Q: 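Provided herewith is a single structure, encoded as structure tokens, for subsequent inquiry.
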Amino acid sequence: KWYLDSLPSPSPGVSIIEKSPDYVIHPNVPRRIFDGATEIGIDPYSLRFIVITRNPIDRALSEYVEWSLLRHREGHILSPFHHLVIGNDGEVRSDVPIINSSCYSFHLKIWLQVFRQNQFCFVNGDRFIVSPFDEVHKLELCLRLAHFFVEEHFAYNMKSHFFCFKTSKLVCMNKSKGRSHPQVPMEVERRLQLFFTPWEKELEMIVTGKYNVTSAI
């Protein structure tokens, strides 16, 4: 209740969106949200969850770059990406957080034991980068919102190579987005692709509603 009280009170017909990217990877969060909503009289099945996914290798590299910058500020140097994610036996280390977080279906299956599949709205982050309007349009449909965005709301920034949001002024992503990724040896990339393939196939089943939740519990 304290958390909800810190949010603005919505006007009639207005929905509030709260963003906490790390929710999806913490196994206790789904049940806490369900119980918390029930406790204050909100139907937990009326909630909607937006899940943005990207190419799992690109996502892992982005988090690695973020880690590297944080460690650098602390006066430390992080080991090369491929040393962190590949073990001495040559296998991908699924226990490393930047790899584990990219196993989207592993985490989503826990959520699907608490919430229904139709409560999740999936956004393809790779497509969003090149065609934001199309992804936002689909998201509006999933959230059951009246269409607001039009193609003119998105303007391509030639300098950053990302789209910006355009209303009375141009709003672009901050400089922390679109950082260069380190080069990954081809063999390491091949191993990562093989590792993530079954997780990506399972994610596709979840996104398309073909995942059998009952048999998985």
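Hydrogens, waters and symmetry mates are skipped; everything else that's a heavy atom, side chains included, is used. Sequential numbering from 1 along the given sequence is applied to the chain's residues. The shown structure was predicted, so the numbers you read here are calculated from the model rather than taken from an experiment.
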Q: Can you tell me how far the CG atom of Asn212 sits from the CD1 atom of Ile206, to the nearest 0.5 Å?
A: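 It is 11.5 Å, given to the nearest 0.5 Å.
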Q: Specify the closest pair of heavy atoms between Lys166 and Leu170, including all atoms of both residues, with the distance to one decimal.
A: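 So the two residues come closest at CB-CD1, 3.7 Å.
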Q: Can you tell whether the side chains of Glu204 and Lys201 come within less than 4.0 Å, N to carboxylate O?
A: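 No, no charged N to carboxylate O under 4.0 Å.
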Q: Considering all heavy atoms of both residues, which atom of Phe154 and which atom of Phe149 are nearest to each other, and what is their separation?
A: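 Heavy atoms only, the tightest pair is CZ-CD2, 4.1 Å.
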Q: Does some side-chain heavy atom of Gln193 sit less than 4.5 Å from a side-chain heavy atom of Ile57?
A: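 Ile57 reaches Gln193 side chain to side chain.
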Q: So, do Pro30 and Gln113 sit near enough that their side-chain heavy atoms are less than 4.5 Å apart?
A: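 No, side chains not in contact.
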Q: If you draw a 6.0 Å radius around CZ in Arg190, do more than 12 non-hydrogen atoms from other residues or ligands fall strictly inside?
A: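 Yes, CZ of Arg190 has more than 12 neighbouring heavy atoms, counting only those of other groups under 6.0 Å.
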Q: Is there a side-chain contact between Pro182 and Val65 (heavy atoms, below 4.5 Å)?
A: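 Yes; the side chains approach each other to less than 4.5 Å.
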Q: Name the orientation class of the two ring planes belonging to His137 and His147 (parallel below 30°, tilted from 30 to 60°, perpendicular beyond 60°).
A: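 Answer is parallel, since the angle falls under 30°.
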Q: In Å and rounded to the nearest 0.5 Å, what is the OG1 to CG distance from Thr53 to Leu108?
A: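 Between atom OG1 of Thr53 and atom CG of Leu108 there are 9.0 Å.
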Q: Treat each ILVMFWY residue as a node, draw an edge where side-chain heavy atoms are under 4.5 Å apart, and state whether Ile40 and Val114 are in one component.
A: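 In one cluster: yes.
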Q: Specify the closest pair of heavy atoms between Arg48 and Asn118, including all atoms of both residues, with the distance to one decimal.
A: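 Looking at all heavy atoms of both residues, the shortest contact is NE-O, 3.9 Å.
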Q: Treat each ILVMFWY residue as a node, draw an edge where side-chain heavy atoms are under 4.5 Å apart, and state whether Ile50 and Ile42 are in one component.
A: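 No, no single cluster joins them.
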Q: Please evaluate residues Thr167 and His153 with respect to the criterion side chain to side chain donor-acceptor pair (under 3.5 Å), reporting the C-alpha separation (whole Å), side-chain torsions for both, the decisive distance (0.1 Å), and the verdict.
A: CA-CA 6 Å; Thr167 52; His153 279 134; over 6 Å; no
Q: Supply the atom-to-atom distance Phe195 CZ to Ser102 OG, rounded to the nearest 0.5 angstrom.
A: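 Result: 9.0 Å between the selected atoms.
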Q: Please answer: with hydrophobic residues joined when any side-chain heavy atoms are less than 4.5 Å apart, are Val24 and Val96 in the same cluster?
A: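 No, separate clusters.
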Q: Does atom CD1 of Ile16 have more than 12 heavy-atom neighbours from other groups under 6.0 Å away?
A: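 Above 12, so yes.
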Q: So for atom CG, which belongs to Asp89, do other residues, nucleotides or ligands contribute more than 12 heavy atoms lying within a distance under 6.0 Å?
A: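 Yes - once you tally the heavy atoms of other residues, nucleotides and ligands closer than 6.0 Å, there are more than 12.
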Q: Examine the side chains of Glu66 and Ser68 and answer whether a donor and an acceptor come within less than 3.5 Å of each other.
A: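 No.
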Q: A side-chain contact here means heavy atoms from C-beta on lying under 4.5 Å apart; do Ile98 and Trp67 qualify?
A: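 The answer is yes; the side chains approach within 4.5 Å.
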Q: Any side-chain heavy-atom pair from Phe165 and Val136 closer than 4.5 angstrom?
A: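 The answer is no, as the side chains (C-beta and beyond) never meet within the 4.5 Å cut-off.
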Q: Show, in sequence, the C-alpha distance, side-chain angles and deciding distance for Ser160 and Met173, and conclude whether the side chain to side chain contact (heavy atoms under 4.5 Å, CB included) test is met.
A: CA-CA 9 Å; Ser160 68; Met173 293 188 293; over 6 Å; no
Q: Check whether Leu84 and Ile77 end up in the same hydrophobic cluster, where Ile, Leu, Val, Met, Phe, Trp and Tyr are linked by side-chain heavy atoms less than 4.5 Å apart.
A: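 Looking at the clustering, Ile77 is in a separate group from Leu84.
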Q: Which label fits Phe122 and Phe120: parallel for a plane angle under 30°, tilted from 30 to 60°, or perpendicular past 60°?
A: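 Phe122 vs Phe120 ring planes: parallel.
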Q: With a 4.5 Å heavy-atom cut-off, do Tyr104 and Glu202 have their side chains touching?
A: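 Contact flag for Tyr104/Glu202 side chains = no.
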Q: Side chains of Asp126 and Arg54: does their closest heavy-atom pair fall under 4.5 Å?
A: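 Of all side-chain heavy-atom pairs linking Arg54 with Asp126, at least one is under 4.5 Å.
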Q: For Ser131 and Asp134, which I'm curious about, is there any donor-acceptor pair between the side chains at under 3.5 Å?
A: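 A pair is found: one side chain offers a donor N or O, the other an acceptor, under 3.5 Å apart.
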Q: In this structure, are over 12 heavy atoms from other groups packed under 6.0 Å from His26 atom NE2?
A: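 It does: His26 NE2 has more than 12 such atoms within range.
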Q: So which atom in Pro97 and which in Glu63 form the shortest heavy-atom distance, rounded to 0.1 Å?
A: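 Heavy atoms of Pro97 and Glu63 come nearest at O-OE1, 4.3 Å.
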Q: Could you state the interatomic distance from CD1 (Ile86) to CD (Glu187), rounded to the nearest 0.5 Å?
A: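 Answer rounded to 0.5 Å: 8.5 Å.
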Q: Can you name the nearest heavy-atom pair linking Val188 to His82, along with the distance?
A: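 Looks like CG2-CB, 3.7 Å.
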Q: Working to the nearest 0.5 angstrom, can you tell me the gap between Cys121 SG and Arg144 CZ?
A: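 That separation rounds to 8.5 Å.
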Q: Could you go through Ser62 and Arg179, starting from their C-alpha distance and side-chain angles, then the distance that decides it, and tell me whether this counts as side chain to side chain contact (heavy atoms under 4.5 Å, CB included)?
A: CA-CA 8 Å; Ser62 293; Arg179 299 187 184 115; over 6 Å; no
Q: Go through it in stages, so that I can follow the logic: the residues are Leu47 and Gln119, the test is side chain to side chain contact (heavy atoms under 4.5 Å, CB included), and I'd like the CA-CA distance, side-chain angles, deciding distance and then a yes or no.
A: CA-CA 7 Å; Leu47 302 175; Gln119 291 181 255; 4.1 Å; yes
Q: In Å, rounded to the nearest 0.5 Å, how long is the span from CD of Glu91 to CG of Leu194?
A: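 Reported to 0.5 Å precision, the distance equals 9.5 Å.
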Q: Consider only side-chain heavy atoms of I, L, V, M, F, W and Y, link residues closer than 4.5 Å, and tell whether Phe106 and Met205 are in one cluster.
A: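 No; tracing contacts between hydrophobic side chains, which count when under 4.5 Å, never links both residues.
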Q: More than 12 heavy atoms of other residues, nucleotides or ligands under 6.0 Å from CD of Glu39: yes or no?
A: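 Not buried by this count: 12 neighbours or fewer within 6.0 Å.
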Q: Quick one: do Ile52 and Phe128 satisfy side chain to side chain contact (heavy atoms under 4.5 Å, CB included)? Show the steps, please.
A: CA-CA 9 Å; Ile52 303 177; Phe128 181 81; over 6 Å; no
Q: For the side chain of Glu135 and the backbone of Asn124, is there at least one donor-acceptor N/O pair under 3.5 Å apart?
A: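 Checking the backbone N and O of Asn124 against the side chain of Glu135, a donor-acceptor pair under 3.5 Å is found.
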Q: Could you pull out the closest heavy-atom pair between Ser94 and Asn100, with the gap in Å?
A: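 Ser94 and Asn100 have their closest heavy atoms at O-CB, 3.4 Å.
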Q: Could you check whether the rings of Trp111 and Tyr23 sit parallel, tilted or perpendicular, using 30° and 60° as the cut-offs?
A: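 Aromatic pair Trp111/Tyr23 classed tilted.
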Q: Can you find a heavy atom in the side chain of Phe163 that is under 4.5 Å from one in the side chain of Asn157?
A: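 Contact flag for Phe163/Asn157 side chains = no.
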